[in-house]
Amino acid sequence: MEDSNEQQVERLTPFRYTAELATEIETRWQDIWDVNGTFDTPNPAGPLGDQAALDDRGEKLFILDMFPYPSGAGLHVGHPLGYIGTDVYSRFKRMTNHNVLYTMGFDAFGLPAEQYAVQTGQHPAITTNDNVANMRRQLRRLGLSHDQRRSISTTDPEYYRWTQWIFTQIFNSWYDTELKKARPINELIAEFESGKQSPTNGRVWAEMSDGDKRDCLDEYRLAYVSEAPVNWCPGLGTVVANEEVTADGRSDRGNFPVFKRNMRQWMMRITTYADRLIDDLELLDWSDAIKTMQRNWIGRSHGAHVDFDSAAGPITVFTTRPDTLFGATFMVLAPEHPLVDHLTTADQANSVAEYRAAAAAKNDIDRQDDTREKTGVFTGGTATNPLTGEQIPVWIADYVLMGYGTGAIMAVPCGDQRDFEFARTFGLAIPAIQQPPVDWFADREIEPSLDTSTWPEAFVGNAKYVNSANSSLDLNGLSSVSEAVAATNQWLEEQGYGQSTINYKLRDWLFSRQRYWGEPFPVVYDEDGHAHTLPDDMLPVVLPETDSFSPRTFDADDEHSDPESPLDRLSEWVNIELDLGDGLRTYRRDTNVMPQWAGSCWYELRYLDPTNAEQFVDPEVESYWMGPRTDVRPDHPGGVDLYVGGVEHAVLHLLYARFWHKVLFDLGFVSSKEPYARLFNQGYILANAFKDDRGIYVDAFSVEERDNAYYFEGNEVTREWGKMGKSLKNAVSPDEMYEAYGADTLRLYEMAMGPLDASRPWETRDVVGMFRFLQRLWRTMVVEETGELRALSETADDETRRLLHRTIDVVRTEMEALRFNTAIAKLIELNNHVTKVVNATNEIPREVAQAMVLMVAPLVPHIAEELWSKLGNTDTITYVGFPEAEPALLVDDEVEMPVQVKGKVRARVMVPADADERTITDIVLSDERVLEALDGADPSSLKKVIVVPGRMVNLVP
RNA sequence: GCCCGGGUGGCGGAAUUGGCAGACGCGGGGGGCUUAAACCCCCCUGGCUCGUAAGAGCCGUGCGGGUUCAAGUCCCGCCCCGGGCACCA
């Protein structure tokens with residue numbers, strides 16, 4: 001009987017590096033690592049403190065992944081891209097004398113976990129635990145070098161106890177605008193009592209009742225309950241934060257419509273930190289793209305508040321261009337503006353009411369989706385332009401948003417495109433107040449003129465001011481916007497018509513959700529409805545058990561439904577008797593839960609000291625791992641040394657976490673002013689997805705390609721790129737890859753396929769290239785027939801040794817810079833060379849074998865451990881020093897230099913490596929092929945001879 | 001519309017401060033081993049033209065200009081793709 005191929009291979013080379021052998025090696029080493037606690041990292045103090053171990057390790061380094069939601073679907077090969085990258089880097093750093101903190105937790109509260117639970121009918125605690133366990137298993141199989149002792153889940157009561165504690169700290173703090181930092185609310189009370197400052201509501205502290213004092217303090221707290229317009233999402237049955245609403249007015253989870261509604265909700269006063277959140281971006285080693293997104297989201301703009309007198313009292317507008325006030329010929333208020341009623345005249349009442357009703361019926365999407373046709377109505381009322389003294393008409397229009405600035409604008413049609421369009425539509429005057437430059441007219445192919453009826457659009461920019469003077473202010477003749485703004489602001493402040501100010505797009509953070517699967521608020525309400533946070537010894541407030549954990553959701557379009565928190569139903573839990581210091585009283589619990597983001601706002605801090613029962617983190621431990629590295633640079637803010645994750649958290653998680661961290665910094669709990677000193681955004685793994693003619697995704701693995709077209713079950717389908725995922729029916733699971741090649745090959749392929757920050761398409765058929773490399777590596781050291789270590793020779797030939805050291809040099813540099821793809825290419829080149837040596841001699845030089853194993857160890861740790869032990873070592877390779885290049889071996893005696901004639905390579909000559917320009921020139925100009933290439937030109941009278949030593953020579957005849 | 005990225009062989013991608021374009025891998029071709037095949041090993045592989053051949057020449061990094069001895073890299077003007085923001089006063 002004939003053997004199958006596999007049987008033959010098995011019989012002839014039973015110790016070949018196959019998927020089966022890889023799996024055996026990998027699972028065995030994973031067990032050894034676990035048993036030995038190989039990746040346990042010592043702290044300087046506390047429960048995980050170990051001074052002896054700490055002394056053995058070098059400089060500290062905190063490497064962090066954005067932790068995942070433990071989704072029920074499990075991992076596909078796209079998920080661990082970043083994790084493999086951080087693992088390789090962590091392992092490399094351990095080998096270059098660093099004490100590396102590297103672990104992984106689970107962001108297990110929130111909508112996805114809850115929706116999965118609702119889907120399966122299982123309690124979210126059960127499904128979450130299952131999912132976490134499954135994910136731990138999948139990540140372990142990848143060989144990630146996490147310190148398992150430090151892994152947390154946000155759903156552990158021991159963890160969310162501290163999430164609740166931080167909430168109480170925030171609640172019991174206020175922002176001191178003088179010192180520009182958060183302080184305990186008790187210090188504010190002390191200042192009110194001593195008279196050092198007075199409440200901003202204008203009342204006298206000593207004369208206020210206890211209840212009034214509480215109300216007054218609530219105006220200051222960094223966490224507060226407010227009745228405010230919020231985003232109500234009936235489809236999810238909860239309110240959501242601004243950051244969770246997409247540009248087209250839908251929820252980022254579930255894609256349901258979102259409606260603006262006034263509701264009583266918890267808010268976080270993140271706006272008080274707007275300046276610091278923008279300014280401290282300067283201190284961060286983050287990409288400009290992410291910084292820009294944060295800046296845009298916070299949306300700081302410098303301008304002025306200006307009051308326009310009217311019959312209904314002063315109308316305040318915010319403008320960034322007070323210099324254009326002379327051109328303000330009308331005003332526009334948002335339809336919801338409170339002064340509209342008072343301004344509207346009787347004969348305009350009907351049309352105003354009609355317009356306001358129409359605007360109210362539209363949600364934000366429709367208002368923005370508009371074809372940009374300007375609509376609006378005249379209120380009949382007028383206001384006084386403080387600079388010109390003219391009476392100008394007041395309109396309402398939905399292009400002015402109540403949610404930004406003051407909800408009212410002064411319209412300068414000649415200098416603002418929106419106002420220009422509005423004025424054109426309704427035939428309002430457009431006087432020019434600047435003389436646009438000649439070029440501006442030329443570009444628009446019109447004659448220069450101050451008659452704006454010839455202008456196609458508004459003019460925005462620096463230009464000479466005209467018609468801009470009154471008896472006490474004269475801008476005419478100025479030509480820079482900044483000068484004119486300064487002059488106008490000064491005038492406005494002197495005359496009491498306004499003042500320069502800063503406006504932000506950022507709103508306070510809506511912090512409560514009407515869901516079940518989240519952290520309960522550590523808050524109770526007394527009989528007067530005042531909120532009290534619970535003292536430390538009553539934490540955690542454990543999420544109560546219930547079968548009815550699913551929230552009430554509504555028809556997604558039912559704007560007028562009301563949220564109904566699942567916790568509301570648990571009256572036995574809601575109503576309690578407590579002694580909060582003034583005897584046993586009846587209280588009512590808060591029935592909201594915190595948003596998904598709460599747990600991820602501080603998890604990196606808990607990794608530092610995960611088992612500390614006394615504090616959320618020991619300050620000594622925090623300062624060791626996250627304290628400012630002023631030795632690196634004087635303005636280093638402290639924080640995680642390397643944070644790797646996707647760009648999708650640019651404004652959500654990263655903004656919230658920075659805010660919480662800054663509060664904790666202000667209150668003295670942490671020494672770092674930023675949580676993440678360096679951020680690296682990894683790319684995504686993309687995969688082909690295919691749609692049939694109904695636009696439905698078909699199984700990508702059953703699609704056939706013929707003549708540049710794609711077919712599924714005989715029908716042509718269209719190809720598109722997408723993130724890998726279940727919904728696109730193109731997910732490849734890591735288990736398939738383990739089965740075919742093992743985890744080391746998967747790790748290597750993901751690192752080799754491109755730079756870590758680039759998205760790239762997955763190609764299963766390419767994976768085999770990395771598998772072949774590992775097979776060859778294995779074969780250079782292991783005899784496939786016997787499994788024995790190949791014979792070692794004591795010395796390498798000169799060429800091999802030089803190549804080895806050049807490789808070490810490059811691999812170190814590339815690993816350090818997270819360019820694992822190029823490091824791998826160099827290692828393959830070295831291995832290809834070594835394969836030739838081994839083929840010729842049947843032995844491998846010991847120094848080469850050792851260095852190669854050490855260099856691949858961060859990338860493919862299992863095969864490296866196995867080879868390392870075959871080479872006679874008994875200890876793990878994890879903490880062995882990474883090879884260092886011998887500088888003398890990096891320079892050659894002779895180098896080949898290309899010789900160009902007029903920039904084109906015509907010849908190559910060998911020159912001594914240390915030759916200077918003179919010597920090189922002499923050698924080059926006496927070379928036969930060079931003379932030939934010069935084609936008869938006289939080498940002694942060349943126009944130019946450019947010599948870049950070690951690079952090239954260029955001759956210009 | 002504005003702000004970020006990006007565009008290099010059949011494919012994924014390499015290329016220090018401007019200095020030999022296409023490293024490495026996949027795919028493709030040829031050879032060796034084998035009764036045969038698979039595995040493995042060795043060689044070739046951007047396009048075009050000329051040459052029996054060794055080889056030689058020309059073109060070539062989205063398009064069009066420019067700077068330079070020299071441009072994938074720098075400058076100007078466009079086109080396309082991906083992402084973010086979007087009536088923000």
Side-chain angles (χ1 to χ4, degrees), chain A residues 2-6 8-9 12-13 16 18 247-248 287-293 295-297 299 301 303 317-321 324 332 367-370 372 374 397-401 403-412 415-419 421-422 503-505 647-648 650-651 681 683-684 686 721 748-749 752-755 757-770 772-773 775-776 779 784 813 819 821-829 832 835-836 839 896-905 908 942-948 950-957:
Chain A
E2 299 257 324
D3 281 358
S4 72
N5 292 336
E6 288 75 18
Q8 269 189 51
V9 168
L12 297 171
T13 54
R16 173 164 292 183
T18 58
D248 48 350
S287 72
D288 288 336
I290 298 270
K291 287 186 184 181
T292 305
M293 280 189 231
R295 281 195 198 100
N296 288 345
W297 188 265
S301 49
V317 303
F318 173 75
T319 174
T320 55
R321 292 290 303 277
T324 62
V332 187
R367 269 171 79 158
Q368 286 165 24
D369 251 19
D370 225 319
R372 299 195 174 208
K374 291 283 177 290
D398 62 8
Y399 79 93
V400 175
L401 308 173
Y404 182 78
T406 62
I409 62 158
M410 63 179 211
V412 183
D416 181 289
Q417 188 56 27
R418 292 155 304 180
D419 300 343
E421 286 167 21
F422 193 83
N503 192 52
Y504 303 91
K505 229 170 82 179
V647 71
E648 72 270 23
V651 287
N681 293 114
Y684 295 103
L686 308 174
W721 288 111
L748 197 58
Y749 172 65
M753 63 199 293
D757 56 357
S759 293
R760 49 316 234 326
W762 177 268
E763 280 292 353
T764 296
R765 70 174 182 182
D766 287 1
V767 179
V768 70
M770 292 303 113
R772 286 180 192 152
F773 165 51
Q775 275 191 330
R776 286 155 72 100
R779 197 180 301 119
E784 292 186 327
T813 313
R819 289 190 293 260
N821 53 329
T822 46
I824 292 166
K826 288 292 169 192
L827 288 166
I828 292 173
E829 274 180 273
N832 287 347
T835 296
K836 283 175 193 167
N839 284 347
E896 188 191 74
M897 281 182 70
V899 180
Q900 303 177 342
V901 176
K902 290 210 290 189
K904 291 190 189 285
V905 180
R908 289 162 207 283
L942 291 169
K943 256 191 234 153
K944 224 166 200 176
V945 178
I946 294 122
V947 179
V948 185
R951 282 264 171 221
M952 43 62 71
V953 176
N954 193 6
L955 309 174
V956 185

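Chain identifiers are assigned alphabetically (A, B, ...) following the order of the sequence lines, protein sequences preceding nucleic acid strands; residue numbering begins at 1 within each chain.
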(message) How long is the straight-line distance from CZ of A/Arg819 back to NZ of A/Lys826, given to the nearest 0.5 Å?
(response) 12.0 Å
(message) Measure CZ/A/Arg321 against C1'/B/C88 and give the value in whole Å, please.
(response) 15 Å
(request) Check every atom of B/C40, B/G25, B/A70 against the side chain of A/Asn954 and return the nucleotide holding the closest atom. (result) B/A70
(request) Write down the partner of B/G82 under the Watson-Crick or G-U wobble criteria, each distance required to be under 3.5 Å. (result) B/C4
(message) Need to verify one output field. Residue with the more 5' nearest nucleotide on RNA chain B, A/Ile946 or A/Tyr749?
(response) A/Tyr749
(request) Give a yes/no answer on whether the side chain of A/Gln900 brings an N or O atom under 4.0 Å of OP1 or OP2 in B/G19. (result) no
(request) Starting at CZ of A/Arg951, measure out to CE of A/Met897 and round the result to the nearest 0.5 Å. (result) 10.0 Å
(request) Mark yes or no for a side-chain to base donor-acceptor pair under 3.5 Å between A/Asp766 and B/C26, with no hydrogen or angle criteria applied. (result) no
(request) Under a 3.5 Å limit for both distances, which nucleotide forms a Watson-Crick or G-U wobble pair with B/C40, could you say? (result) B/G32
(request) Take atom CZ of A/Arg16 and atom P of B/A38, then tell me their distance rounded to the nearest Å. (result) 14 Å
(request) Return the value, rounded to whole Å, for the distance between atom CD1 of A/Ile828 and atom C1' of B/A23. (result) 11 Å
(message) In whole Å, I'd like the distance from the CD atom of A/Glu829 to the C1' atom of B/A15.
(response) 13 Å
(message) Base, sugar-phosphate or nothing for A/Ser287? Non-hydrogen atoms, less than 4.0 Å.
(response) nothing
(message) Please give the distance between the P atoms of B/G27 and B/G66 as a whole number of Å.
(response) 44 Å
(message) Just to verify, which of A/Leu955, A/Asn954, A/Val956 counts as forming a side chain to side chain contact (heavy atoms under 4.5 Å, CB included) with A/Lys944?
(response) A/Val956
(request) Write down the distance separating the P atoms in B/G83 and B/U68, rounded off to the nearest Å. (result) 40 Å
(message) Using a 4.0 Å heavy-atom cut-off, does A/Val956 contact any base of the nucleic acid, only the sugar-phosphate backbone, or nothing at all?
(response) sugar-phosphate
(message) With a 4.5 Å cut-off on side-chain heavy atoms, are A/Arg776 and A/Asn832 touching?
(response) yes
(message) In the structure I gave you, are the side-chain heavy atoms of A/Tyr749 and A/Trp762 within less than 4.5 Å of one another anywhere?
(response) yes
(request) Using the closest heavy atom to pick a nucleotide of RNA chain B for each, name whichever of A/Pro898 or A/Met753 lands nearer the 5' end. (result) A/Met753
(message) Starting the side chain at C-beta, find the nucleotide from B/C40, B/A89, B/C87 nearest to A/Tyr399.
(response) B/C87
(request) Side chain of A/Pro755 only, please: which of B/G13, B/A89, B/A23 is the nearest? (result) B/G13
(request) Using the P atoms only, state how far B/G5 lies from B/C76, rounded to an integer number of Å. (result) 15 Å
(message) Measuring only the C1' atom in each nucleotide, how far is B/U73 from B/U61? A whole number of Å is fine.
(response) 10 Å
(request) Mind checking A/Asp416 for me? I need base, sugar-phosphate or nothing, with any heavy atom below 4.0 Å counting as a touch. (result) nothing
(message) Rounding to an integer number of angstrom, what distance separates B/G25 and B/A15 when you compare their P atoms?
(response) 16 Å
(request) Using atom CD1 of A/Ile409 as one end and atom C1' of B/C87 as the other, report the distance to the nearest whole Å. (result) 9 Å
(message) What contact category does A/Met952 fall into here, base, sugar-phosphate, or nothing, at under 4.0 angstrom with non-hydrogen atoms?
(response) base
(request) Could you check if the base of B/G9 is syn or anti? Syn means the glycosidic torsion is within 90 degrees of 0. (result) syn
(request) To the nearest 0.5 angstrom, please state how far the CZ atom of A/Arg321 sits from the CG atom of A/Asp416. (result) 9.0 Å
(message) Measuring from the side chain of A/Val768 (C-beta onward, heavy atoms only), which nucleotide among B/C4, B/G13, B/C26 has the closest atom?
(response) B/C26
(request) Using the P atom on both, measure B/G51 against B/G57 and round to a whole Å. (result) 16 Å
(message) Over 60° means perpendicular and under 30° means parallel, so tell me whether A/Phe318 and A/Tyr404 are parallel, tilted or perpendicular.
(response) perpendicular
(message) Does a side-chain N or O of A/Arg772 approach OP1 or OP2 of B/C26 to a distance below 4.0 Å, or not?
(response) yes
(message) Check this for me, if you would: do A/Arg418 and A/Glu421 make a salt bridge, where the nitrogen-to-carboxylate-oxygen distance has to be below 4.0 angstrom?
(response) no
(message) Nearest 0.5 Å, please: how far is CD in A/Gln900 from CD1 in A/Ile946?
(response) 8.5 Å
(message) I'd like the P distance from B/C78 over to B/C85, given in whole Å.
(response) 26 Å
(message) Can you measure A/Asn832 atom CG to B/G25 atom C1' for me and round it to whole angstrom units?
(response) 10 Å
(request) Whole angstrom is fine here: how far is it from NZ in A/Lys291 over to P in B/G5? (result) 13 Å
(message) By nearest atom, which of the nucleotides B/C20, B/A89, B/G13 is closest to the A/Thr320 side chain?
(response) B/A89
(request) Using only side-chain N and O atoms of A/Arg779, determine if any of them is under 4.0 Å from OP1 or OP2 of B/C39. (result) no
(message) Partner lookup for B/G27, please. Criteria are Watson-Crick or G-U wobble with both distances under 3.5 angstrom; report none if nothing qualifies.
(response) B/U45
(request) Check whether the side chain of A/Lys836 and the base of B/C42 form a donor-acceptor pair under 3.5 Å. (result) no
(request) Remember a base hit wins even if backbone is also touched, and classify A/Asn821 as base, sugar-phosphate or nothing at under 4.0 Å, heavy atoms. (result) sugar-phosphate
(request) Measure from the side chain of A/Leu401, starting at C-beta and using heavy atoms only, and say which of B/C40, B/C88, B/C42 lies closest. (result) B/C88
(request) Can you tell me the distance, in whole Å, between the CZ atom of A/Arg765 and the P atom of B/C26? (result) 11 Å
(request) Scan every strand shown for a Watson-Crick or G-U wobble partner of B/A54, both distances under 3.5 Å, and answer none if you come up empty. (result) none
(request) With a 3.5 angstrom cut-off on both distances, give the Watson-Crick or G-U wobble partner of B/G13, or none if there isn't one. (result) none
(request) Output the single nucleotide from B/C69, B/C3, B/A89 whose closest atom is nearest the side chain of A/Thr292. (result) B/C3
(request) Determine the contact category for A/Arg951: base if any of its heavy atoms lies under 4.0 Å from a base atom, sugar-phosphate if only primed atoms, P, OP1 or OP2 are that close, otherwise nothing. (result) base
(message) Given the structure, check if the side chain of A/Arg776 and the base of B/C40 hold any donor-acceptor pair shorter than 3.5 Å.
(response) no
(message) I want to verify a distance call: between B/C88, B/A23, B/G19, whose nearest atom is closest to the A/Lys505 side chain?
(response) B/C88
(message) Using atom P in both nucleotides, what's the gap between B/G55 and B/U17 to the nearest angstrom?
(response) 35 Å
(request) Could you check whether A/Ala752 gets within reach of a base, just the sugar-phosphate, or nothing at all, counting any heavy atom under 4.0 Å? (result) nothing
